[in-house]
Amino acid sequence: MQNKINEIKQYILGKIKEIKDLKEWQALRVEMFGKSGKFTELFKLMRDVPAEEKGKIGQILNNAKQEIEALITDNERKMSEEELNKEINSAERIDITLPTEKCTGSLHPRTIIQREIEEVFTSMGFVVEDGNEVETEYNNFTAVNVPENHPARDMQDTFWLDNGEVLKTHTSAAQNRILKKYTPPIRAIFPGRCFRNEDVDASHENTFFQLEGVIVDKDVSVGNLIYFMKEMLSKIFNKPVEVRLRPGFFPFTEPSFEMDVRCPFCDGKGCPTCKNGGWIELCPCGMIHPQVLRNGGIDPEVYSGCAFGLGLDRMTMLSTNLNDIRELNSGNLKLLKQFKIK
Ligand code: DAH
């Protein structure tokens with residue numbers, strides 16, 4: 001019996017060296033004193049100890065139990081204090097003593113629409129990815145098939161940094177990183193802030209938001225593109241929508257299109273929002289160029305893909321009836337406070 005007690009003590013001493021957190025200390029307590037714990041079993045064996053030794057062995061056993069219980073309790077306390085301190089000092093700290101009146105803000109309308117769109121796409125199996133605001137020249141241009149000196153670079157007036165990097169001019173800049181990160185099938189959307197050296201007016205901003213999407217799989221076709229966009233728009237506008245494609249040009253897609261949606265406000269009859277044209281230009285898109293796939297490490301002989309670059313500001317303006325894009329970056333609280341989550 002005494003040997004068994006010593007064995008357990010040795011075992012515990014070895015174990016203690018490996019324990020890293022509170023959970024493991026708690027597990028050790030169960031292992032020792034739980035229903036079929038090692039000590040519990042030893043106490044059961046006491047009934048087989050000869051009467052004349054019971055007192056002595058019982059005392060040894062009790063002492064060992066107390067010693068080990070104290071050790072576990074001490075360490076549990078220490079660990080839980082440490083974990084609590086870590087939590088208190090972490091960024092997740094919330095000051096629950098702050099008065100609530102000061103926290104009654106509202107979400108920016110663009111955030112509201114972005115979250116709605118993200119929700120629709122995630123329900124269709126898309127992951128939501130992030131992009132950088134400062135990008136390498138390679139990611140912003142070369143990787144998406146816009147080589148140096150190509151006239152297509154002039155399509156986007158770029159803010160260049162002294163170190164040769166750029167403020168990303170479009171969310172397409174994240175395509176290469178995402179193609180490399182995942183193996184097909186890929187369904188990803190990536191919203192983000194973009195910058196262009198533009199003169200600002202009611203429909204142009206130097207700082208604006210896009211929401212890009214890519215789908216890469218075997219046999220992806222324009223049909224997939226149309227399907228996903230229609231699904232998303234129908235959910236956002238709360239009714240079935242009709243879209244049409246017109247030819248477009250982008251170096252990263254072949255063929256490229258401009259996607260229009262039949263005006264959801266007048267059902268195509270003509271109204272101020274669609275400038276009486278019945279259609280609203282919404283989203284450039286296309287089949288991902290084989291070179292862009294190749295740059296992302298994907299074999300275009302096996303896989304194909306489509307991509308789109310939705311203007312988030314435009315979507316926000318449509319869903320809020322705002323007609324000046326500058327309002328969105330104005331920080332005008334009177335305006336922004338009118339928008340609450342639906
Ligand atoms: N990156 C383009 C722009 O900002 C928009 C775009 C066009 C994105 C076609 C795409 C696409 O993914 O397929 O002008």
Would you sort out whether Asn295 and Gln291 count as a side-chain hydrogen bond (donor to acceptor under 3.5 Å, both in side chains), showing the intermediate values?
CA-CA 6 Å; Asn295 293 341; Gln291 188 56 40; 2.9 Å; yes

Is it true that a side-chain atom of Lys180 and a backbone atom of Gly297 form a donor plus acceptor pair closer than 3.5 Å?
no

Sidechain-backbone polar pair: Arg246 side chain, Asp260 backbone, donor-acceptor under 3.5 Å
no

Quick one: do Thr171 and Cys194 satisfy side chain to side chain contact (heavy atoms under 4.5 Å, CB included)? Show the steps, please.
CA-CA 7 Å; Thr171 39; Cys194 308; 4.0 Å; yes

Is a side-chain donor or acceptor of Glu212 paired with a backbone partner of Ser172 at a separation under 3.5 angstrom?
yes

At their closest point, which heavy atom of Pro109 faces which heavy atom of Leu328, and how far apart are they?
CG-CD2, 4.4 Å

Out of curiosity, Asn332 CG to Arg326 CZ, how far, rounded to the nearest 0.5 Å?
13.0 Å

So, taking the atom named CG in Leu310 and the one named CD1 in Ile189, what distance separates them when rounded to the nearest 0.5 Å?
9.5 Å

Please name the pair of heavy atoms, one in Glu18 and one in Glu24, separated by the smallest distance, quoted to 0.1 Å.
O-OE1, 3.7 Å

If only atom types and distance count, is the side chain of Asn140 paired as donor or acceptor with the main-chain N or O of Ala173 below 3.5 Å?
no

Flag yes if more than 12 heavy atoms outside Glu52 fall under 6.0 Å of its CD atom; otherwise flag no.
yes

Give me the atom names and distance for the closest heavy-atom approach of Leu225 to Gly286.
CD2-N, 3.9 Å

SB check Glu135 Lys168 (cutoff 4.0 Å):
no

Tell me, please, which residues at least two apart from Arg196 pass side chain to side chain contact (heavy atoms under 4.5 Å, CB included).
Gln156, Thr169, His170, Glu198, Phe208, Gln210

Would Leu28 and Ile5 show up in the same hydrophobic cluster when neighbours are defined by side-chain heavy atoms closer than 4.5 Å?
yes

Any chain of hydrophobic side-chain contacts (each under 4.5 Å) joining Ile236 to Tyr227?
yes

Any side-chain heavy atom of Asp74 within less than 4.5 Å of one from Arg77?
yes

Considering only heavy atoms from C-beta outward, does the side chain of Pro264 approach that of Leu318 to under 4.5 Å?
no

Verify side chain to side chain contact (heavy atoms under 4.5 Å, CB included) between Glu205 and Asp313, making sure each step is shown before the conclusion.
CA-CA 10 Å; Glu205 249 292 5; Asp313 300 278; over 6 Å; no

Could you work out, with side chain to side chain contact (heavy atoms under 4.5 Å, CB included) as the rule, every residue matching Asn75, not counting sequence neighbours?
Trp25, Leu71, Lys78

Shared ILVMFWY cluster between Leu322 and Ile112, side chains joined below 4.5 angstrom?
yes

Salt bridge flag under 4.0 Å for residues Lys181 and Glu129
yes

Test log, rule salt bridge (charged side-chain N to carboxylate O under 4.0 Å, His left out), inputs Lys44 and Glu41
CA-CA 5 Å; Lys44 283 183 199 158; Glu41 295 298 325; 3.4 Å; yes

If you round to the nearest 0.5 Å, how far is OG of Ser319 from CZ of Phe237?
7.0 Å

May I have the step-by-step check of side-chain hydrogen bond (donor to acceptor under 3.5 Å, both in side chains) for Arg314 and Ser203, ending in yes or no?
CA-CA 9 Å; Arg314 183 137 173 73; Ser203 44; over 6 Å; no

Quick one, Met315 and Leu233 - any side-chain contact, counting heavy atoms below 4.5 Å?
yes

Determine, using the 4.5 Å side-chain heavy-atom cutoff (strictly less than), whether Ile226 and Met124 are members of one ILVMFWY cluster.
yes

Could you state the interatomic distance from CD (Glu301) to CG (Asp299), rounded to the nearest 0.5 Å?
6.0 Å

Between Glu148 and Thr142, is there a side-chain heavy-atom distance shorter than 4.5 Å?
no

Could you walk me through whether Val127 and Tyr182 pass the side chain to side chain contact (heavy atoms under 4.5 Å, CB included) check?
CA-CA 11 Å; Val127 290; Tyr182 296 103; 3.8 Å; yes

Straight-line distance of Leu84 CG to Leu22 CG, nearest 0.5 Å
11.0 Å

Leu61 side, atom CG; Lys54 side, atom NZ - distance, nearest 0.5 Å:
12.5 Å

Smallest heavy-atom separation, Pro191 atom then Leu312 atom, equals CB-CD1, 4.4 Å

Heavy-atom check, side chain of Glu31 versus side chain of Tyr11, under 4.5 Å:
yes

Are Ile325 and His204 close enough, and set up right, to give a side chain to side chain contact (heavy atoms under 4.5 Å, CB included), and what steps lead you there?
CA-CA 7 Å; Ile325 192 173; His204 295 91; 5.7 Å; no

Do Arg115 and Glu119 pass the salt bridge (charged side-chain N to carboxylate O under 4.0 Å, His left out) test, and can you show the C-alpha distance, the side-chain angles, and the key distance before you say yes or no?
CA-CA 6 Å; Arg115 289 187 182 175; Glu119 211 177 296; over 6 Å; no

Do the non-hydrogen side-chain atoms of Leu42 and Leu45 ever get within less than 4.5 Å of each other?
yes

Would you call Asn132 and Arg177 a side-chain contact if the rule is heavy atoms closer than 4.5 Å?
yes

Could you report the tightest heavy-atom contact between Met232 and Phe121, atom names first, then the distance?
CG-CE1, 3.4 Å

Which atom of Gly270 lies closest to which atom of Cys274, heavy atoms considered
CA-SG, 3.8 Å

Determine, step by step, whether Lys23 and Asp21 satisfy the salt bridge (charged side-chain N to carboxylate O under 4.0 Å, His left out) criterion, reporting the C-alpha distance in whole Å, the side-chain angles of both residues, the deciding distance to 0.1 Å, and the verdict.
CA-CA 6 Å; Lys23 268 202 199 124; Asp21 60 22; over 6 Å; no

Answer yes or no: is there a donor N or O on one side and an acceptor on the other, between the side chain of Lys230 and the main chain of Val243, under 3.5 Å?
no

Could you walk me through whether Glu7 and Lys38 pass the salt bridge (charged side-chain N to carboxylate O under 4.0 Å, His left out) check?
CA-CA 11 Å; Glu7 252 171 47; Lys38 288 195 161 64; over 6 Å; no

Report whether Ile72 and Phe43 are members of the same hydrophobic cluster (ILVMFWY, side-chain heavy atoms less than 4.5 Å apart, transitive linking).
yes

Using a 4.5 Å cut-off on heavy atoms from C-beta on, say whether the side chain of Val241 contacts that of Arg262.
no

Treating Asn224 as the side-chain partner and Ile215 as the backbone partner, does any N or O pair qualify as donor plus acceptor under 3.5 Å?
no

What about Phe308 and Phe126, are their ring centers closer than 6.0 Å?
no

Over 12 foreign heavy atoms within 6.0 Å of NZ, Lys239
yes

Residue set satisfying salt bridge (charged side-chain N to carboxylate O under 4.0 Å, His left out) with Glu82, at least two apart, ordered chain then number -> none

Between Thr158 (side chain) and Trp160 (backbone), is there a donor-acceptor pair under 3.5 Å?
no

